[in-house]
Amino acid sequence: MPPTLQPQAAVRRRFHVMVKPAGALCNLDCSYCFYLHKETLLGQPKQPRISDELLEEHIRQYIEAQDGERVVFSWQGGEPTVLGLPFFEKVVALQAKYRRAGQAIDNDLQTNGVLLTEEWAAFLAQHGFMVGLSVDGPAHLHDKHRPSKGGKGSHAGALAAARLLQKHGVPFAALAVVNRDSAREPLAVYRHLVDELGAWRVQFTPCVEAKNFREQAPCLWPKDARAEVGSPRAHPGHPLSVVTEWSVDPDDWGRFLVAVWDEWFARDLGRVHVNLFETAVAQSMGLPAQTCTQSEFCGKALALEHDGSLYACDHFVYPEFRLGNIRTLDEGRAAFSARQQAFGFAKRDTLPSDCRRCPHLTLCWGECPKNRLLTTRGGESGLNYLCRGWQAFYTHIEPGLAVIGAQLGKMPQHTRMMETPP
């Protein structure tokens with residue numbers, strides 16, 4: 001057992017660990033999944049599963065290393081529900097065992113929803129789980145890239161899961177991956193998530209995967225492997241593109257966000273929470289970013305594999321970014337270690353000069369380091385693949401940000417844009 005990290009009275013430590021209790025095991029076969037290949041890369045067994053010993057060790061360490069009054073556990077995959085309901089019953093029992101007096105425990109579950117049942121929904125409601133439900137839009141867009149292992153569409157299962165969660169009063173967010181196809185139908189995607197699925201929280205994640213993401217972390221590419229911004233190689237579909245066929249086009253990404261922003265601003269402002277819009281509003285008012293991708297620094301969101309291996313980030317589960325194993329390494333010490341701090345500070349410190357001069361720097365901060373696949377026209381490495389799309393979006397929303405900022409400035413400080421669901 002690793003040494004216990006003793007709390008320090010003068011320090012407020014908070015960090016986040018995304019747990020993969022079943023590794024890359026999943027009941028779907030999504031074409032764009034960035035995690036299924038970990039089975040081969042990490043040498044995972046066919047049926048990976050975190051042991052009872054490691055599960056308890058993680059829960060103990062994670063609770064002990066947090067100084068705040070609230071501790072948030074996140075369970076992802078692969079697909080975590082393949083482990084069955086008894087696994088999560090064990091989770092909440094262990095959390096109760098190690099929870100300190102006055103400390104609140106929250107759980108987030110990211111799922112494709114296909115395996116959810118009445119029993120599952122009742123359990124999630126009873127224990128206050130927040131669910132992230134993966135839905136990419138209407139069936140024709142969702143099913144194209146999110147089939148089952150047998151090739152059947154999964155949209156009907158996801159929609160049924162949403163109805164179960166609503167029936168039992170389980171709060172959920174729609175998590176939509178914006179790929180090359182769905183980016184071209186922004187309003188169809190957005191309105192489906194809000195009107196048909198019934199989500200009042202929407203999280204958009206751009207699908208960007210480097211051509212060789214199965215073998216190598218993008219940030220380790222040599223300079224000559226990167227594409228120049230605006231060049232044909234900086235778009236999907238080109239034979240020599242730096243990204244996969246299904247990755248979103250940078251210009252389509254900008255158009256997608258602009259179209260959804262206009263719809264949201266006109267019809268749903270204050271009613272629907274969109275992660276990228278809410279963080280832009282907060283940052284434009286001088287408040288901290290609400291998403292790690294738009295933050296100045298990263299490094300406080302780690303990933304734990306089923307075998308106890310701890311990695312610098314969910315998107316950097318590669319051997320080069322393995323911090324150690326929680327059997328011998330304390331999670332709290334790893335999260336605040338010099339190595340992990342260097343990883344986090346590099347997000348800002350490796351920005352090319354084009355980014356540092358950009359008028360939108362404090363809204364973007366170069367987005368996620370995993371997407372920095374390009375060189376600037378001046379030849380500097382580290383430019384984000386989506387840069388052109390982000391610039392178009394941030395330029396477009398400047399007037400709207402000013403309007404929202406003026407409105408919020410008149411509200412009491414404790415008032416939030418999104419307080420309760422409609």
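Index from 1, following the sequence. In what follows, every heavy atom counts, from backbone to side chain, and hydrogens, waters and symmetry copies are set aside.
- The only option from T376, V229, N384 that meets the side-chain contact (heavy atoms from CB on, under 4.5 Å) definition with P352 turns out to be T376.
- Using a 4.0 Å cut-off between charged nitrogen and carboxylate oxygen, D252 and R184 count as a salt-bridge pair.
- Looking only at distances, no side-chain donor or acceptor of T279 sits under 3.5 Å from a matching main-chain atom of L276.
- Side-chain atoms of E185 and H140 include a donor-acceptor pair closer than 3.5 Å.
- The line from NE2 of H192 to CG of L159 is 6.0 Å long, rounded to the nearest 0.5 Å.
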(request) Give the intermediate values and the outcome of side chain to side chain contact (heavy atoms under 4.5 Å, CB included) for residues K144 and W246. (result) CA-CA 11 Å; K144 182 172 183 178; W246 57 81; over 6 Å; no

(request) Starting from the C-alpha separation in whole Å, work towards a yes-or-no answer on side chain to side chain contact (heavy atoms under 4.5 Å, CB included) for R388 and L374. (result) CA-CA 11 Å; R388 287 174 28 150; L374 307 184; over 6 Å; no

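- For H145 and D181, the side-chain atoms include at least one donor-acceptor pair closer than 3.5 Å.
- No option in Y311, F213, F321 other than F321 meets the ring-ring contact (aromatic ring centres under 6.0 Å, His included) test with F316.
- When atom types are taken as modelled, the side chain of Q340 and the backbone of G299 share a donor-acceptor pair closer than 3.5 angstrom.
- Listed here is the closest heavy atom pair of Y385 and A234: CE1-O, 3.2 Å.
- Here R146 does not pair with D143 in a salt bridge; the nearest charged N to carboxylate O distance is not below 4.0 Å.
- Atom CZ of F73 and atom CE of M18 lie 13.5 Å apart (nearest 0.5 Å).
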(message) Using side chain to side chain contact (heavy atoms under 4.5 Å, CB included), reason through V208 and W253 one step at a time and then give a plain yes or no.
(response) CA-CA 11 Å; V208 179; W253 174 242; over 6 Å; no

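- Across all non-hydrogen atoms, the minimal contact from L351 to G366 is CD2-CA, 3.7 Å.
- Of the possible donor and acceptor atoms, one in the side chain of Y394 sits under 3.5 Å from a partner among the backbone N and O of L363.
- Residue D354 comes nearest to E380 through the heavy atom pair N-OE2, 4.4 Å, listed as atom of the first residue, atom of the second, then distance.
- Atom CG of L83 and atom CZ of R49 lie 5.0 Å apart (nearest 0.5 Å).
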(request) For T205 and L175, run side chain to side chain contact (heavy atoms under 4.5 Å, CB included): C-alpha distance rounded to whole Å, both residues' side-chain angles, the deciding distance at 0.1 Å, then the answer. (result) CA-CA 7 Å; T205 300; L175 276 57; over 6 Å; no

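- Test P359, C355, S353 against R357 for side-chain contact (heavy atoms from CB on, under 4.5 Å) and you get one pass: S353.
- In this structure, the side chain of K149 engages the main chain of L28 through a donor-acceptor pair within 3.5 Å.
- Side chain of D136 to main chain of V177: a donor-acceptor pair is present (N/O by atom type, distance under 3.5 Å, no hydrogens or angles).
- Using a 4.0 Å cut-off between charged nitrogen and carboxylate oxygen, E57 and R327 do not count as a salt-bridge pair.
- Atom CG of residue N107 and atom CD of residue Q95 lie 4.0 Å apart, to the nearest 0.5 angstrom.
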(request) Evaluate the criterion ring-ring contact (aromatic ring centres under 6.0 Å, His included) for residue pair F256 and F393; output intermediate values, then yes/no. (result) CA-CA 9 Å; F256 178 93; F393 169 62; 10.0 Å; no

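- Checking each of W75, F123, F172 against F129 for a ring-ring contact (aromatic ring centres under 6.0 Å, His included) leaves exactly one that passes, namely F123.
- No side-chain N or O of H142 forms a donor-acceptor pair with one of S134 less than 3.5 Å apart.
- Side-chain atoms of S295 do not come within 3.5 Å of backbone N or O of C298 as any donor-acceptor pair.
- By the 4.0 Å N-to-carboxylate-O rule, K370 lies close enough to E209 to be salt-bridged with it.
- Listed for the R233 side chain is a donor-acceptor partner under 3.5 Å among the backbone atoms of R226.
- Neither side chain, Q391 nor H360, offers a donor N or O lying under 3.5 Å from an acceptor on the other.
- The shortest heavy-atom contact between S182 and V189 is O-CG2, 3.8 Å.
- Pairing each heavy atom of P236 with each of S247, the nearest pair is CG-O, 3.3 Å.
- In the model, H315 has no side-chain atom that pairs as donor or acceptor with a side-chain atom of N371 under 3.5 Å.
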(request) Report the C-alpha separation of E79 and N27 in whole Å, then their side-chain angles, then the decisive distance to 0.1 Å, and conclude whether the side-chain hydrogen bond (donor to acceptor under 3.5 Å, both in side chains) test is met. (result) CA-CA 7 Å; E79 173 54 42; N27 55 332; 5.9 Å; no

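- Closest non-hydrogen pair, S74 versus H16, comes out as OG-NE2, 2.6 Å.
- Ion pair R60/E64 flagged as a salt bridge, since at least one NZ, NE, NH1 or NH2 atom sits closer than 4.0 Å to an Asp/Glu carboxylate oxygen.
- Of the possible donor and acceptor atoms, none in the side chain of T293 sits under 3.5 Å from a partner among the backbone N and O of E367.
- Each of I397, L269, I404, V260 was evaluated against F277; a single residue qualifies, V260, per the side-chain contact (heavy atoms from CB on, under 4.5 Å) test.
- Between the side chain of K211 and the backbone N or O of T244 there is no donor-acceptor pair closer than 3.5 Å.
- Under 4.0 Å is where a charged nitrogen must lie from a carboxylate oxygen, and between K347 and E296 no such pair does.
- Between R191 and D268, at least one side-chain N (NZ, or NE/NH1/NH2) sits under 4.0 Å from a carboxylate O, which counts as a salt bridge.
- Remark: side-chain polar atoms of R348 are not paired, donor with acceptor, to backbone N or O of F297 under 3.5 angstrom.
- Remark: the S309 side chain and the R322 side chain contain an N/O donor-acceptor pair separated by less than 3.5 Å.
- For the atom pair CG (L302) and OH (Y62), the distance works out to 9.0 Å, reported to the nearest 0.5 Å.
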